[in-house]
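Here is the structure we will look at.
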Amino acid sequence: MKALVLCSGGVDSTTCLAIAVDKYGADRVLALSVSYGQKHSRELEAAKAVADYYGVALKTLDLAKIFEDSDCSLLKGSENEIPAESYSEQLKKTNGAPVSTYVPFRNGLFLSCAASVALSNGCEEIYYGAHSDDAAGNAYPDCSAEFNESINRAVCLGSGNRLRVVAPFIDMNKAQVVARGLKLGVPYLLTWSCYEGGEKPCGVCGTCRDRAAAFAANGITE
């Protein structure tokens with residue numbers, strides 16, 4: 001068995017990487033990070049640092065061209081500011097639509113590309129870090145259990161049943177993800193979650209707030 005892990009350099013994907021390495025060994029795991037036109041390079045740098053820490057091979061894809069017409073606030077081409085508020089506050093303003101930091105069908109695209117890379121490298125599983133907090137309220141619909149079930153079926157069928165998608169946190173919240181990672185000794189200090197690209201995390205974007213709450217729930221203040 002060999003696994004490919006989608007690695008963004010954040011808490012969830014790094015915990016996925018730790019699980020895969022713990023299960024299969026570093027020499028049987030391939031990490032894949034993606035440049036999608038984000039406003040900063042901090043998450044790509046974190047992905048490399050994490051891959052180096054675990055001693056796994058890392059491949060990087062550049063898919064920025066696909067998103068160049070999007071007004072997603074995470075992307076370089078957008079004039080929209082990244083909201084300095086929680087996802088629940090943002091959802092009150094969207095009338096059920098995804099939040100402004102939703103990159104159009106990103107997980108669908110990433111997992112499809114990952115499937116091609118995985119098959120080309122003899123992998124039988126793709127790990128990614130979707131969890132229930134991101135799917136809540138339709139903030140990120142491509143993190144939902146329904147989406148995961150559908151994309152897994154598509155990948156299985158499209159690969160001739162040689163490949164499957166593994167989302168170990170699909171029914172867990174972020175605090176539970178952190179709890180799992182702490183047991184595995186995940187190097188969270190190497191990870192980057194903030195949507196801004198400053199020297200330090202902004203502390204007020206949706207993902208910074210979620211990260212802080214998840215660690216606080218585990219009795220940790222970063």
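This one's a predicted model, so the numbers in the text were calculated from it and none came from an experiment.
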Residues Leu182, Ile220; criterion side chain to side chain contact (heavy atoms under 4.5 Å, CB included); working and verdict = CA-CA 10 Å; Leu182 291 172; Ile220 297 174; 3.5 Å; yes
Take Gln38 and Leu44 through the test side chain to side chain contact (heavy atoms under 4.5 Å, CB included) and record every step on the way to the result.
-> CA-CA 10 Å; Gln38 55 267 62; Leu44 295 172; 4.0 Å; yes
Test log, rule side chain to side chain contact (heavy atoms under 4.5 Å, CB included), inputs Leu74 and Phe67 = CA-CA 11 Å; Leu74 293 188; Phe67 300 110; over 6 Å; no
Report the C-alpha separation of Cys194 and Cys205 in whole Å, then their side-chain angles, then the decisive distance to 0.1 Å, and conclude whether the side chain to side chain contact (heavy atoms under 4.5 Å, CB included) test is met.
-> CA-CA 7 Å; Cys194 182; Cys205 69; 4.1 Å; yes
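With a 6.0 Å radius and a threshold of 12 heavy atoms from other residues, nucleotides or ligands, Glu89 has its CD atom above the threshold. Atom NZ of Lys48 sits in a sparse spot, with 12 or fewer heavy atoms from other residues, nucleotides or ligands closer than 6.0 Å. Other residues, nucleotides and ligands contribute only 12 or fewer heavy atoms inside 6.0 Å of the NZ atom of Lys59.
Linking ILVMFWY side-chain heavy atoms closer than 4.5 Å, directly or via other members, places Met172 and Phe147 in two distinct hydrophobic clusters. Linking ILVMFWY residues whenever their side-chain heavy atoms come closer than 4.5 Å, directly or via other members, places Leu30 and Phe110 in the same cluster. Linking Ile, Leu, Val, Met, Phe, Trp and Tyr whenever their side-chain heavy atoms come within less than 4.5 Å puts Leu111 and Leu109 in one cluster. Two different hydrophobic clusters hold Leu61 and Tyr127 under the rule that ILVMFWY side chains link at heavy-atom gaps under 4.5 Å. Connection of Leu58 to Val56 is not established within any shared hydrophobic cluster, with ILVMFWY side chains joined at heavy-atom distances below 4.5 Å, either directly or through further cluster members.
Looking at Tyr87 and Asp133, their side chains never bring a donor and an acceptor atom within 3.5 Å of each other. Side-chain contact, Thr207 with Ser193: no donor N or O sits under 3.5 Å from an acceptor N or O. There is no side-chain donor-acceptor pair under 3.5 Å between Thr101 and Ser73.
Residues passing the salt bridge (Lys or Arg N to Asp or Glu O under 4.0 Å) test with Glu196: none are found, sequence neighbours excluded. Lys76 meets the salt bridge (Lys or Arg N to Asp or Glu O under 4.0 Å) test with no other residue; sequence neighbours excluded. Residues passing the salt bridge (Lys or Arg N to Asp or Glu O under 4.0 Å) test with Arg106: none are found, sequence neighbours excluded. Taking Tyr102 as the reference, nothing meets the ring-ring contact (aromatic ring centres under 6.0 Å, His included) condition, with sequence neighbours excluded. With sequence neighbours excluded, the residues that form a salt bridge (Lys or Arg N to Asp or Glu O under 4.0 Å) with Glu45 are Arg42. Scanning for ring-ring contact (aromatic ring centres under 6.0 Å, His included) contacts around Tyr188 gives Phe215, with sequence neighbours left out.
We find the SG-CG distance between Cys7 and Leu32 to be 9.0 Å, quoted to the nearest 0.5 Å.
Looking only at distances, no side-chain donor or acceptor of Asn152 sits under 3.5 Å from a matching main-chain atom of Val166. In this structure, the side chain of Thr15 does not engage the main chain of Gly181 through any donor-acceptor pair within 3.5 Å.
Using a 4.0 Å cut-off between charged nitrogen and carboxylate oxygen, Glu85 and Lys92 do not count as a salt-bridge pair.
For the pair Phe169/Ser132, no side-chain contact is recorded, criterion being any heavy-atom separation below 4.5 Å from C-beta on. Side-chain contact between Ser13 and Leu6: absent, with no pair of heavy atoms (C-beta onward) separated by less than 4.5 Å.
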